[in-house]
Amino acid sequence: MSDKKKNFSEQKILNRKKEKNPFKRAAVLALGMAFSACLLAAALVVYVDPFFHYHSPLKGFPYLVDNQLSQNPGMAAHMEYDSVILGSSMTVNFQTSWFKELMGLNAIKLSYSGAFPKDQANIMDIIFERDPGSSKKEKKKVKKVFLGVDVITYTGGVDETKYPVPEYLYDDNYLNDIKYLLNKDVILNYILRPMADPDPTDLSNVYASWWTEEYYSEQWVLHNYTSPEQVVEETARGAYLASVEKNLAVNICPYIEQNPETEFIVFFPPYSILFWNDVLKENHLEATMEEYRYITERLNAYENVKVYFFPDREEIICDLNHYADYSHYHPRYNRYMAECFASGECLVAREGEKGKGIEEYLLHMREIVENFDFEELLLRK
């Protein structure tokens with residue numbers, strides 16, 4: 001057979017193989033299209049960056065900011081601010097515009113609902129160490145940190161967080177960002193949905209609670225409240241202190257010590273009187289009082305810390321019309337606390353300083369709790 005015929009025959013065989021395997025071409029085409037779609041999707045996420053992982057917000061884009069775990073680290077890293085509001089849902093109704101109005105601060109709110117001390121440490125790592133405009137990590141200049149302390153969470157483990165943390169948004173490893181870049185929820189709910197129904201982004205009031213005025217009522221609060229069963233055995237006075245000490249030593253104090261030019265405004269929120277009914281029923285009044293005392297004295301020992309005590313604001317806590325449940329107060333009391341930070345009202349004086357010390361605050365708290373008629377209140381249910 002001549003070479004020409006041989007080549008022609010071989011080509012015919014190859015053509016038949018191609019005709020017999022059209023799925024191979026389709027598969028290659030599909031893979032190419034899928035790869036291109038992935039690249040486009042990733043490019044869209046990087047460009048809009050709804051979690052602010054790579055850059056600050058695009059001017060004019062209607063960002064939806066409602067995901068504390070995923071969006072806080074990016075905001076901490078890439079937004080402009082000189083002060084920070086940290087804490088649990090007790091802090092979500094602060095408006096950062098108040099801090100500008102009252103104290104001239106450009107604050108950012110980075111709340112975590114149900115936050116444990118470790119949650120605060122996770123975000124303070126970024127607040128103080130990451131500088132997106134630099135090729136290396138440098139400390140940001142932060143004037144003030146407003147840190148809400150919920151005593152109940154300081155009895156947990158030092159590595160305990162309220163919810164699982166999406167580590168790929170908190171670390172510097174871009175290789176694991178695929179979970180963000182090709183995330184269907186990110187593209188649909190945080191890019192396409194805001195584009196379809198654009199609303200101006202009010203970063204001053206992000207994460208604000210959904211409760212409207214009608215929810216702040218004694219009737220609503222009592223309807224949804226269940227009093228615990230009485231515990232007979234009393235919790236020892238110092239029972240919580242080992243856990244509290246560890247949490248402070250690992251998750252809070254290092255940031256205070258390493259940033260002496262930053263002032264830490266630590267405050268205890270004003271839970272309703274029903275919180276104290278729980279404390280009495282569960283029989284840990286002395287242990288809870290000791291926890292407040294220990295945290296205050298430990299943190300007040302630092303020159304760059306001020307502690308504010310709001311739990312004994314009788315005119316607030318004893319009226320359930322100021323609450324939406326047993327602990328969450330009306331936003332007007334977030335405003336009240338911001339005004340106190342500006343004026344110094346409710347400040348806990350250090351030993352030897354003028355003003356009310358922690359013992360006076362706790363004595364007043366004890367008087368309120370021991371003299372309050374819980375039985376009569378619960379009969380209104």
Side-chain angles (χ1 to χ4, degrees), residues 38-58 61-81 83-89 91-92 96 107-140 142 145 147 153 157-195 201-203 206-208 250-252 254-255:
C38 287
L39 283 179
L40 286 173
L44 179 63
V45 171
V46 170
Y47 175 69
V48 176
D49 198 11
F51 291 174
F52 321 112
H53 189 51
Y54 303 110
H55 57 75
S56 56
L58 296 176
F61 189 86
Y63 288 95
L64 172 64
V65 182
D66 67 351
N67 192 324
Q68 298 166 344
L69 275 173
S70 296
Q71 291 175 300
N72 277 352
M75 291 199 293
H78 293 107
M79 292 201 178
E80 291 296 322
Y81 57 89
S83 299
V84 187
I85 304 165
L86 298 179
S88 68
S89 55
T91 67
V92 296
T96 59
I108 188 172
K109 182 169 56 178
L110 300 171
S111 308
Y112 287 91
S113 294
F116 283 83
K118 179 62 174 176
D119 290 304
Q120 313 298 2
N122 286 339
I123 198 66
M124 283 195 286
D125 278 341
I126 299 172
I127 290 166
F128 288 111
E129 294 182 9
R130 182 177 295 178
D131 182 355
S134 173
S135 59
K136 61 179 182 178
K137 284 190 173 183
E138 296 176 354
K139 288 188 177 182
K140 279 188 174 181
V142 180
V145 171
L147 175 62
T153 64
V158 294
D159 293 318
E160 187 174 357
T161 58
K162 179 64 176 178
Y163 302 105
V165 175
E167 297 289 350
Y168 59 95
L169 294 173
Y170 286 75
D171 61 28
D172 292 321
N173 179 11
Y174 291 130
L175 295 178
N176 61 17
D177 285 0
I178 194 73
K179 297 176 183 178
Y180 174 50
L181 298 175
L182 300 181
N183 189 311
K184 182 176 72 173
D185 181 62
V186 169
I187 295 170
L188 293 179
N189 292 325
Y190 289 92
I191 297 179
L192 298 183
R193 191 176 79 175
M195 289 172 66
T201 302
D202 182 8
L203 292 176
V206 293
Y207 307 141
V250 173
N251 293 316
I252 305 298
Y255 301 94

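Computed from heavy atoms alone, side chains included, the values below leave out hydrogens, waters and symmetry copies.
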| Which residues pass the side-chain hydrogen bond (donor to acceptor under 3.5 Å, both in side chains) test with S70, sequence neighbours left out? | N67
| field | Intermediate values then yes/no, side-chain contact (heavy atoms from CB on, under 4.5 Å), L86 and I127 | value | CA-CA 11 Å; L86 298 179; I127 290 166; 4.0 Å; yes
| query | Side chains of V45 and I191: closer than 4.5 Å at any heavy-atom pair? | reply | yes
| said: Could you check whether any side-chain heavy atom of L203 comes within less than 4.5 Å of a side-chain heavy atom of M79, counting everything from C-beta outward? | reply: yes
| field | Test item: Y81 side-chain N/O and V142 main-chain N/O as donor-acceptor pair under 3.5 Å | value | no
| field | Pairing residues for I178 by the side-chain contact (heavy atoms from CB on, under 4.5 Å) criterion, not counting sequence neighbours | value | L182
| Taking only residues two or more places apart in sequence, or in another chain, which ones meet N72 in a side-chain hydrogen bond (donor to acceptor under 3.5 Å, both in side chains)? | Y207
| Non-neighbouring partners of N183 that pass side-chain hydrogen bond (donor to acceptor under 3.5 Å, both in side chains), sequence neighbours left out | none
Would you mind writing out the side-chain donor-acceptor pairs for residues 157-164 within the sub-3.5 Å range, not counting sequence neighbours?
residue, atom, partner, partner atom, Å
E160, OE1, G157, N, 3.1
T161, OG1, Y163, O, 2.9

| query | Just how far is it from atom CG of D172 to atom CD1 of I126, taken to the nearest 0.5 Å? | reply | 8.5 Å
| query | Just how far is it from atom CD1 of I252 to atom CD of Q120, taken to the nearest 0.5 Å? | reply | 6.0 Å
| query | Is F52 close to P57 at the side-chain level, that is, under 4.5 Å between some pair of heavy atoms? | reply | yes
| note | Taken in chain and number order and not counting sequence neighbours, the residues that satisfy ring-ring contact (aromatic ring centres under 6.0 Å, His included) with Y190 are F51
| Atom OG1 in T96, atom CD1 in I85: separation rounded to 0.5 Å? | 6.0 Å
| message | Just verifying a value: how many Å separate L147 CG and M124 CE, rounded to the nearest 0.5 Å? | response | 6.0 Å
| said: I'd like to check the ring-ring contact (aromatic ring centres under 6.0 Å, His included) partners of Y255; sequence neighbours left out, ordered by chain and number. | reply: none
| Separation between CD of Q68 and CG of D119, rounded to the nearest 0.5 Å | 9.5 Å
| D49: partners by side-chain contact (heavy atoms from CB on, under 4.5 Å), with sequence neighbours left out | H53, Y54, H55, Y180
Identify all side-chain donor-acceptor contacts of residues 109-118 below 3.5 Å with residues at least two apart in sequence or on another chain.
residue, atom, partner, partner atom, Å
K109, NZ, V92, O, 2.5
K109, NZ, F94, O, 2.7
K109, NZ, V206, O, 2.7
S111, OG, T91, OG1, 2.7
Y112, OH, Y170, OH, 2.9

| Of all residues at least two apart in sequence or in a different chain, which pass the side-chain contact (heavy atoms from CB on, under 4.5 Å) check with L175? | N173
| field | Set of side-chain hydrogen bond (donor to acceptor under 3.5 Å, both in side chains) partners for S83, sequence neighbours left out | value | none
| Can you name the nearest heavy-atom pair linking D66 to Q71, along with the distance? | N-OE1, 2.9 Å
